[in-house]
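Keep in mind that the numbers below use all heavy atoms, side chains included, and drop hydrogens, waters and symmetry copies. These numbers were taken from a predicted model, which means no experiment stands behind them. Counting convention: from 1, in listed order, for ligands and their atoms alike.
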Amino acid sequence: MTDKVIVLGGGIVGLSCAFEAAGRGYKVTVVETGKPGGQASGAAAGMLAPYSENTEQPDAFFRLCLDSLRRYPQWLEEIEEASGRRIERIPSGSLNIVYHEADLSPLRTRLLWQNRFGAEAEIVEGSRLRELEPLLSPNVEAALYCPRESHVYAPDLVSALEDACRSRGIHIADHCGAVTDVRLTSAPGVTVSTEARGDIAGDRLVVCTGAWTGALGRWFGLHFPVHPIRGQICAYELPVGVVRHMVFSPQAYWTSKGNGTLVCGASEDVAGFDTAVTEKGIGRLVRSGPKAFPFLADKPLIHRWAGLRPATRDGWPLLGQLAEAPHVVIAAGHYRNGILLSPATGASVADLLDGKADRTELAPFSPGRFTLALAGGLPV
Ligand SMILES: Cc1cc2nc3c(=O)[nH]c(=O)nc-3n(C[C@H](O)[C@H](O)[C@H](O)COP(=O)(O)OP(=O)(O)OC[C@H]3O[C@@H](n4cnc5c(N)ncnc54)[C@H](O)[C@@H]3O)c2cc1C
């Protein structure tokens, strides 16, 4: 008999898990409080940048990010085939710019270890840098050029993934309102009670509720320390190709989209579940623009928005089964890299459902790693 899998949360992580699980033969229902992709996933800049995001060392998180980047082309092909839609992925490469010679030293250290992991990165300065990115300010001293990084247009990707899920026969129970209860049975089985769509029953549960995951721990007697970090972000109107790379400065980043916008992000602040934009958050981004790109000095913004990154205490996702209830898989807390990490997350979750996941590889992401054992107060 085919197992029924309930995926809680219809952001990119939930849809990726659903898509992969359905591809492996499970009967999947996605339960989403609101609109699929309506939260962090639809707000993201869409950068697939494992090298720029991991600057310290080749740890387990870096390897997960890299694995996911490598899966991207094939994964997009599958989504395109299932959805019948074309998905934009721009292989722009990235430039991490510095304004002072002294700031080059950490970039040189980074380059040394990252090139052992396929970065093909180099330090560029002078005419070579200006050839790569002609409109950069003369104040920019040098940059770490990383040609292997790319980006997608996140709102379109999530919407194509939703279509792809539907075409694989996944039932998307969206706008279900609040989830009022989650009951696990030892059979094993699970029933999710929702405000607008009543009870939904299945055999397994995959929890992908992004920044809201912290509130779900109570149903499992566990502590999931996931909290929202607001990201404010904005866009200018700019033809494609004017800014050629993803450009990271110490204050902001810029990435040029196929729809004729230059996206500039992103602030990080703690504001609970408030997704309002503030003058303080956006103003800091806007002020940093002309320092990197002088032409931005008199350019008006055409769009500003915000989303809630799901952050864990150590910045790494929760990815694994619950020791106490192995028919429950957690895939949440992807913080700044959920778009990048979606193909690897979907594959890991489907491997866990199939009982063939590499437990050693997933151990650093164990969802129980922050939980204090109720009896002894020891980390489990
Ligand atoms: C401004 C900004 C820029 C970013 N840029 C990048 C980037 O360039 N590259 C990158 O890789 N990542 C980026 N990120 C991070 C990325 O957006 C997130 O890591 C990713 O979207 C998380 O996906 P998710 O599906 O876990 O969460 P979400 O997209 O937030 O989805 C969670 C879903 O769960 C639903 N939900 C909540 N509670 C329940 C419940 N009880 N029952 C049912 N459904 C529920 C919510 O309604 C929501 O739709 C950025 C984020 C922000 C905010």
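- Scanning the protein for heavy atoms near atom 42 (N) of ligand 1, the closest one is Val179 CG2, 3.2 Å.
- One N or O on the side chain of Glu149 and one on the backbone of Tyr51 form a donor-acceptor pair closer than 3.5 Å.
- At a heavy-atom cutoff of 4.0 Å, ligand 1 is contacted by no atom of Arg230, backbone or side chain.
- Close approach of ligand 1 to Gly46 (heavy-atom distance below 4.0 Å) involves ligand atoms 7 (C), 8 (O).
- For Arg204, the salt bridge (charged side-chain N to carboxylate O under 4.0 Å, His left out) partners at least two apart in sequence or on another chain are Asp3.
- Glu53 and Arg336 are joined by a salt bridge, as a carboxylate oxygen and a charged side-chain nitrogen come within less than 4.0 angstrom of each other.
- Taking the six-membered ring where tryptophan is involved, the planes of Tyr72 and Trp75 are perpendicular, since the angle between them exceeds 60° and thus also 30°.
- Both the backbone and the side chain of Thr33 come within 4.0 Å of ligand 1, counting heavy atoms alone.
- With a 4.0 Å heavy-atom cut-off, ligand 1 is reached by no atom of Phe273.
- Both the backbone and the side chain of Ile339 come within contact range of ligand 1, each with a heavy atom under 4.0 Å.
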Inset, instruction - Take Asp199 and Arg183, measure what side-chain contact (heavy atoms from CB on, under 4.5 Å) needs, and give me the verdict at the end. - result: CA-CA 10 Å; Asp199 285 359; Arg183 289 182 303 283; 3.4 Å; yes

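- Taking 4.0 Å as the cut-off between side-chain N and carboxylate O, Asp314 and Arg369 count as a salt-bridged pair.
- Set against the non-hydrogen atoms of His334, the atoms of ligand 1 under 4.0 Å away are 19 (O).
- Side-chain atoms of His100 and Glu141 form no donor-acceptor pair, as typed in the model, at a separation below 3.5 Å.
- No donor-acceptor pair closer than 3.5 Å links the side chain of Glu125 to the backbone N or O of Ala142.
- For ligand 1, the atoms closer than 4.0 angstrom to any heavy atom of Trp212 are 30 (O), 37 (C), 38 (N).
- With respect to the salt-bridge test (charged N to carboxylate O, under 4.0 angstrom), the residues Asp174 and Lys35 do not qualify.
- For ligand 1 and Ala45, the ligand atoms under 4.0 Å from any heavy atom of the residue are 3 (C), 4 (C), 5 (N), 6 (C), 8 (O).
- Judged by a 6.0 Å distance limit and a 45° cone about the ring axis, Lys4 is not positioned over the six-membered ring of Tyr26.
- Residue Met47 has at least one heavy-atom neighbour below 4.0 Å for each of these atoms of ligand 1: 7 (C), 8 (O), 9 (N), 10 (C), 11 (O).
- At least one N or O atom of Ile12, backbone or side chain, sits closer than 3.5 Å to an N or O atom of ligand 1.
- Within the structure, the closest approach of Ala211 to ligand 1 does not fall below 4.0 Å when heavy atoms are considered.
- Under the 4.0 Å criterion applied to side-chain N and carboxylate O atoms, Glu88 and Lys257 are not assigned as salt-bridge partners.
- Those atoms of ligand 1 that come under 4.0 Å of a heavy atom in Val31, given as number and element, are 43 (C), 44 (N).
- Considering Ala311, Ser41, Gly338 only, the shortest heavy-atom separation from atom 23 (O) of ligand 1 involves Ser41.
- Of all the listed residues (Gly11, Gly9, Ala173, Cys17), Gly11 holds the heavy atom that lies closest to atom 31 (O) of ligand 1.
- With atom 30 (O) of ligand 1 as the reference point, the heavy atom nearest to it among Gly210, Gly10, Ala40, Ser267 is part of Ala40.
- Salt-bridge check for Arg304 with Glu279: passed, with a basic side-chain N closer than 4.0 Å to an acidic carboxylate O.
- Annotation: Arg309 places no N or O atom under 3.5 Å from an N or O atom of ligand 1; distance criterion only.
- Heavy atoms of Tyr253 approach ligand 1 to within less than 4.0 angstrom.
- Distances from atom 32 (C) of ligand 1 to the heavy atoms of Ala154, Pro36, Cys208, Gly42 put Cys208 nearest.
- The residues Asp67 and Arg63 are annotated as not salt-bridged, no charged nitrogen and carboxylate oxygen being separated by less than 4.0 angstrom.
- Taking only nitrogen or oxygen atoms, main chain and side chain alike, Gly307 does not reach within less than 3.5 Å of ligand 1.
- Considering backbone and side-chain N/O of Glu32, one or more are found under 3.5 Å from N/O of ligand 1.
- Below 4.0 Å from some heavy atom of Tyr335 lie the following atoms of ligand 1, by number and element: 15 (C), 16 (C), 18 (C), 19 (O).
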